[in-house]
Each structure stands twice: as structure tokens, then as C-alpha cells.
Amino acid sequence: RVELVESGGGSVQAGESLRLSCKGSGYRYICMGWFRQAPGKEREVVATSYGGGTTMYYADSVKGRFAISINNHYNILTLQMNRLKPEDTAMYYCAAGVSNGSPCPEALRDSPYWGQGTQVTVSS
């Protein structure tokens with residue numbers, strides 16, 4: 001049984017940092033990533049990691065501020081979020097899945113394996 005458990009969310013001021021972690025168990029998937037969903041908005045991809053960290057993808061809105069990494073030994077996916085902005089406020093979800101030839105961001109949207117989410121709130 002695949003299980004993804006996120007941790008590390010919280011409330012911070014703009015400009016501060018947070019570090020999210022996602023512990024995967026049950027299976028190791030070639031694609032893992034972070035999505036977020038703000039109230040009234042659609043879920044959007046934040047960052048993904050393919051092939052144990054060989055290829056990363058970042059949404060334009062977080063490039064240069066967020067960094068995704070994976071500890072392959074312990075199957076832990078991490079999202080380091082720096083210089084946070086109020087618009088980063090959302091529920092953040094970890095996802096894992098297979099590629100089947102699609103880029104990770106697209107492949108994960110259809111994956112059935114998601115964590116329960118962790119809330120990130122950034123105040124100005």
C-alpha cells in the first residue's frame with residue numbers, strides 16, 4: 001500500500017522560509033512532486049523530481065525561491081521554500097507516480113497517490 005505523509009507546513013511572515021517533507025512508503029515511484037491549491041483556485045504543480053532527482057521541474061512562480069530534493073535511501077521528498085510570498089499561501093500536497101512517457105508534472109496530475117496535504121500560510 002502506497003502512503004505519502006507530508007509535514008513541515010505552518011504560518012510565516014513574507015520573506016521567511018519553510019521546509020516541507022514527504023515520506024513515501026510502500027513503493028518507490030520515478031516521479032514525485034509537490035502541488036498546491038489555494039482557496040477558490042485549481043490545484044497547480046509547484047515542483048517535481050524525476051528519476052531520483054536527475055530531472056527537476058519548477059513552476060515559473062517559484063523558480064529561484066523553491067528547491068526540490070529527494071533522499072533516495074529514505075524515500076523522502078523535500079521542498080525548501082525561501083523568500084515566501086503571501087501568494088504562496090495554499091494547501092501543499094505531495095504526489096508520486098509513474099511517467100509512462102509523460103513529463104512528471106503531467107503524469108502526477110493523473111496519479112492516484114497523494115498525501116493528505118499540509119497548510120502553508122504566508123502573511124504580509
Side-chain angles (χ1 to χ4, degrees):
R1 171 170 161 261
V2 177
E3 188 174 23
L4 301 170
V5 180
E6 302 104 332
S7 61
S11 297
V12 296
Q13 297 286 321
E16 294 183 342
S17 300
L18 278 174
R19 187 180 182 90
L20 305 183
S21 293
C22 171
K23 176 72 173 74
S25 60
Y27 195 76
R28 291 177 186 269
Y29 283 92
I30 198 166
C31 279
M32 293 188 75
W34 291 95
F35 287 67
R36 67 186 181 187
Q37 187 167 21
K41 294 188 176 181
E42 292 188 358
R43 186 174 295 187
E44 62 176 359
V45 61
V46 176
T48 64
S49 173
Y50 173 84
T54 56
T55 304
M56 271 77 114
Y57 164 88
Y58 294 95
D60 288 342
S61 58
V62 306
K63 279 180 183 176
R65 300 189 298 122
F66 291 12
I68 190 170
S69 60
I70 187 164
N71 182 314
N72 291 304
H73 181 73
Y74 293 105
N75 204 24
I76 296 175
L77 184 74
T78 300
L79 184 69
Q80 177 66 42
M81 304 186 295
N82 299 323
R83 302 196 306 279
L84 283 160
K85 303 176 180 180
E87 50 264 44
D88 294 319
T89 295
M91 185 72 81
Y92 283 69
Y93 298 90
C94 174
V98 297
S99 172
N100 288 332
S102 298
C104 250
E106 283 68 34
L108 289 175
R109 288 180 204 278
D110 298 327
S111 174
Y113 305 117
W114 292 80
Q116 80 287 354
T118 184
Q119 179 68 38
V120 171
T121 302
V122 185
S123 55
S124 57

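The distance from the NZ atom of K23 to the SG atom of C94 is 11.0 Å, given to the nearest 0.5 Å. Here OG of S17 is found 9.5 Å from CZ of F66. Values are rounded to the nearest 0.5 Å. Summarising the geometry, atom SG belonging to C22 is positioned 10.5 Å from atom CG belonging to L79; distances are rounded to the nearest 0.5 Å.
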| request: Let me see the working for D60 and K63 under salt bridge (Lys or Arg N to Asp or Glu O under 4.0 Å), right down to the final yes or no. | output: CA-CA 5 Å; D60 288 342; K63 279 180 183 176; 3.1 Å; yes

| request: Kindly indicate, with the supporting measurements, whether the criterion side chain to side chain contact (heavy atoms under 4.5 Å, CB included) is fulfilled by M32 and I68. | output: CA-CA 10 Å; M32 293 188 75; I68 190 170; over 6 Å; no

| request: Would you please test S49 and L77 for side chain to side chain contact (heavy atoms under 4.5 Å, CB included) and show each step? | output: CA-CA 9 Å; S49 173; L77 184 74; 4.2 Å; yes

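Side-chain contact check for R36 versus L20: every heavy-atom pair is 4.5 Å or farther apart. Here the side chains of T78 and R19 are in contact, with some heavy-atom distance below 4.5 Å. Here the side chains of R65 and M81 are not in contact, with every heavy-atom distance at 4.5 Å or above. Counting only heavy atoms from C-beta outward, the side chains of L84 and E16 never approach each other to under 4.5 Å.
Ring planes of W114 and Y93: perpendicular class, angle over 60° (limits at 30 and 60°). The aromatic rings of Y113 and Y29 lie tilted to each other, with the angle between the two planes from 30° to 60°.
Under a 4.5 Å side-chain heavy-atom criterion applied to ILVMFWY residues, the cluster that includes I30 comprises Y50 as well.
Under a cut-off of 6.0 angstrom, the local environment of CD in E42 is sparse, with at most 12 non-hydrogen atoms contributed by other residues, nucleotides or ligands.
Across S123 and Q13, no two heavy atoms sit closer than the pair OG-NE2, 3.2 Å.
For the side-chain contact (heavy atoms from CB on, under 4.5 Å) test with L108, the passing option among C31, S99, P103 is C31; the others fail.
Not one N or O on the side chain of Q37 forms a donor-acceptor pair closer than 3.5 Å with the backbone of A90.
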